[in-house]
Amino acid sequence: MIDFSPEEAFREFRTVVLENVPHADIERIRRAFDYAVEAHGDQKRKDGSPYVTHTIAAATIAAQLGMDDEGVIAALLHDVLEDTPVKHEELAAAFGDEVAEIVEGVTKLTRVQYSTVEEAQMENLRKMLIAMAKDIRVIMIKLADRLHNMRTMEFQTPDKQLSKSRETMDIYAPIAHRLGMERLKDELEDLSLLYLDPVGYQEITRTLDQRSEIMQKFIVDMEARIENRMQEEGIQCKVYGRLKHLYSIYRKMYTQNLSMEEIFDLCAFRVIVDDLADCYNVLGIIHEMFRPVPGRFKDYISTPKPNGYQSLHTTVIGADGIPFEVQIRTIAMHMTAEYGVAAHWKYKSGPAGHKTGDEEKFAWIRQLLEKQQDSDATDFCHDLKVDMFDDEVFVFTPNGDVKSLPAGATPIDFAYAIHSAVGNRMTGAKVNGRIVPISCKLQNGDIVDIITSNSSAGPSRDWLNIAQSGEARSKIKQWFKREKRDDNIRRGLAMFEAEAKRIGLSMADMEDPELQPYILNRLAVREIDDIYASIGYGGMTAAHAAGRIRDELIRRNAPPRKTELERIQEKAERRQSQEEHQHSRTKSIEGVLVEGLDNFLVKFARCCTPVPGDPIIGYITRGLGISIHREDCVNHKRDANNEKDAGRWIRVSWAEQTNEYYPAELRLVSGNCGTFVMDVATTLNSLNARVRSFSARDNGKGVTVAVVLLDVHDRDELQGIINRLQGIRDLKEIVRSGSPEK
Ligand code: MN
């Protein structure tokens with residue numbers, strides 16, 4: 001039995017709080033402390049100590065992170081909703097809504113089951129946890145909770161040690177990293193490593209121990225040398241040397257297949273200065289004192305990492321041939337580096353003056369978390385594939401897979417995201433084990449189970465209005481098209497026959513193999529049945545189709561057989577329709593006008609992504625309508641000289657009223673991997689550009705190519721974005737896709 005004295009425990013706790021939490025309301029914190037002791041009663045931890053020692057430890061970590069009163073109180077109480085009979089309302093009555101909400105948030109995260117999540121879905125899971133948290137303090141308390149659990153993992157079963165360590169490595173350490181909380185991340189990683197690879201862990205600690213004397217001496221000497229030299233130069237600074245954390249050494253050994261002896265820089269030094277100008281001065285002096293290793297200098301001051309980290313990094317070689325890393329930064333930058341998002345509480349001076357400012361900060365952080373991939377620039381360049389979604393909701397399948405859906409998504413969207421066959425056979429849905437209407441909005445963390453039946457009649461048309469995702473909607477439409485195709489063809493054929501008879505078009509011509517290619521081409525379809533199906537489905541009118549075909553046959557000098565009377569009638573009709581045509585303006589489709597045509601399919605060529613303001617030209621595709629290219633598109637330039645196809649290019653223009661957005665693709669080339677990709681991402685972010693997709697590839701020869709697909713209103717907006725991107729360091733070339741080579 002382990003002795004536990006609440007009085008003594010509080011005394012210790014109080015000291016930490018007073019040191020770290022400015023203007024702490026000790027009386028209220030004491031009340032929360034007693035409340036936690038009382039609520040957890042005689043619950044015990046695995047090691048036999050009272051359960052409340054865990055929540056006190058988590059709150060101690062929270063205080064050391066510099067969290068505010070509410071955060072520290074919520075940390076003390078973080079397990080009462082999960083593990084004791086205390087209800088949300090009681091907690092809110094005792095400590096206010098804010099504390100109750102935070103504890104509720106932590107409890108929700110605790111209930112998420114990750115054990116079955118596959119590697120590929122970790123990223124979604126991390127995003128889900130953050131999205132669920134809403135308040136960043138929830139995540140911070142969860143991290144403090146996890147850190148203490150990892151510190152006391154030795155008392156758990158081997159199975160639990162392994163699964164919790166895996167989870168910590170996969171989920172919590174990366175989240176801490178993204179929040180910029182490096183110190184906490186390092187400890188989480190080292191503790192996890194101890195259980196995940198005890199042998200590797202021992203190997204490193206043993207070697208470090210053997211060398212510890214030499215290393216310690218090296219560190220102390222070097223600290224003194226650097227500090228003295230800076231003093232001579234009149235620069236105030238503090239130098240801190242340390243061994244790099246275990247897991248970072250481990251990762252280097254295994255990813256780069258190095259032995260401990262080969263690991264470049266086991267030591268790192270931090271030079272903390274008063275102001276920004278000194279950072280660069282110190283760098284100059286360090287490079288004078290020691291030989292810099294080429295290619296290792298990084299300026300994260302002018303280009304901060306997406307998690308806010310700022311520093312100058314360089315690696316140099318000491319007199320005795322030992323390389324070491326030097327990081328140079330101001331005190332403020334240092335706080336951010338160590339504590340990340342928590343730093344601003346550490347810095348905060350006023351007791352309650354944080355409400356509005358914080359919200360903004362959190363919004364920024366949330367955005368960052370969603371948009372940032374990994375802030376390690378080198379990894380970043382190799383396999384970057386970032387999709388920037390604004391609003392997502394993350395839910396589980398019954399098997400524990402995580403699906404990401406657009407915010408506001410319903411079980412219908414979920415079903416179609418699994419498979420169209422699931423969607424088409426859906427008869428109902430369960431969320432968290434309860435039957436729900438299929439139109440209900442899914443929440444982060446929901447477990448969704450779709451009920452299907454083989455005798456289901458298929459989707460209903462209402463679903464088109466309920467579904468939020470384009471994917472679900474298009475799959476539903478597809479179903480209607482395909483499933484009802486036979487019906488549509490039958491109905492469409494009847495309508496077409498009636499119309500053909502009315503305007504004197506012979507059905508025999510429709511079957512004529514010599515004429516068919518012209519007909520198909522004119523209506524941009526693959527087979528004659530498509531025309532009937534489309535009429536039956538309502539995609540095209542019979543009058544439109546028959547009229548087009550008749551005109552085409554006339555043009556092909558294959559006048560349809562008709563009676564004299566019909567011919568006269570037809571002439572009159574044609575004159576009339578021509579007059580009508582002159583009166584009505586040509587209709588624009590998707591913001592594009594084609595002379596003489598008011599019903600056509602338009603698609604924008606992927607090769608050159610034209611936007612309003614670009615001179616454009618149309619190409620009559622075989623069966624897919626008119627595709628719009630930029631006049632200077634390489635494909636147009638090449639193809640226009642090809643005689644066989646020259647006639648397919650037609651004049652088109654932008655309408656006065658265009659669509660709101662058009663996609664435009666840019667290719668950016670850099671000769672230097674460095675921070676290039678992050679710079680591009682940061683610049684796009686700062687411009688609030690609407691990025692559809694962003695990918696970057698390193699060709700292995702030091703050339704990085706980034707491809708960005710953006711939504712823009714027009715050419716001017718695009719040019720503005722290009723101009724800003726041109727300011728990026730190391731940018732060699734920026735071109736719109738499909739542009740001719742210079
Ligand atoms: Mn806990």
Side-chain angles (χ1 to χ4, degrees), residues 2 4 6 9-10 12-13 16-17 29 32-65 67 70-88 90-91 94-95 99-115 129-130 132-157 159-161 163-173 175-176 179 181 184-185 187-188 191-192 195 342 445:
I2 293 160
F4 172 70
F10 186 75
E12 272 174 43
F13 179 59
V16 179
V17 171
I29 290 174
F33 185 95
D34 293 340
Y35 195 96
V37 171
E38 166 93 22
H40 288 289
D42 2 301
Q43 289 170 1
K44 294 276 185 290
R45 303 200 81 214
K46 279 267 154 55
D47 65 358
S49 59
Y51 190 87
V52 75
T53 56
H54 160 66
T55 73
I56 296 168
T60 305
I61 297 168
Q64 282 162 342
L65 289 171
M67 288 187 75
E70 312 297 310
V72 171
I73 290 170
L76 279 169
L77 301 168
H78 80 264
D79 277 330
V80 299
L81 292 184
E82 179 73 7
D83 295 334
T84 81
V86 172
K87 293 272 171 301
H88 184 108
E90 297 167 46
L91 201 56
F95 295 99
V99 167
E101 283 300 324
I102 298 174
V103 174
E104 183 78 50
V106 177
T107 307
K108 264 195 206 149
L109 292 194
T110 305
R111 287 181 187 153
V112 172
Q113 292 295 321
Y114 332 86
S115 47
L129 291 178
I130 288 156
M132 276 175 80
K134 295 197 185 88
D135 186 324
I136 208 82
R137 287 173 291 188
V138 169
I139 288 280
M140 289 170 63
I141 292 171
K142 190 66 208 163
L143 288 171
D145 170 53
R146 178 49 59 102
L147 180 58
H148 182 248
N149 283 334
M150 287 305 299
R151 282 177 182 170
T152 50
M153 198 48 73
E154 60 189 297
F155 302 104
Q156 296 290 351
T157 61
D159 272 1
K160 190 131 184 199
Q161 288 174 345
S163 70
K164 289 288 165 191
S165 299
R166 190 72 268 162
E167 200 176 281
T168 302
M169 202 62 117
D170 286 339
I171 298 177
Y172 289 104
I175 288 177
L179 296 176
M181 300 157 79
L184 194 141
K185 182 212 79 173
E187 193 179 344
L188 285 178
L191 288 167
S192 305
Y195 298 103

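Both ligands and their constituent atoms are indexed starting at 1 by order of listing. Values below: all heavy atoms of this structure, side chains included; hydrogens, waters and symmetry mates excluded. No experiment lies behind these values; they were computed from the predicted model shown.
Of the N and O atoms on the side chains of Thr157 and Asp159, not one donor lies less than 3.5 Å from an acceptor on the other residue. Side-chain contact of Arg45 with Thr53: a donor-acceptor pair under 3.5 Å is absent, judged by distance alone. With no hydrogens or angles considered, no side-chain donor-acceptor pair links Tyr51 and Asp42 at under 3.5 Å.
The distance from the Mn ion (ligand 1) to the nearest N/O/S atom of Glu82 is not under 2.8 Å. With 2.8 Å as the limit, His54 counts as an N, O or S neighbour of the Mn ion (ligand 1).
The minimum distance between the Mn ion (ligand 1) and any N, O or S atom of Asp145 involves atom OD1. The minimum distance between the Mn ion (ligand 1) and any N, O or S atom of Asp79 involves atom OD2.
In this structure, His78 has its ring center closer than 6.0 angstrom to the ring center of His54.
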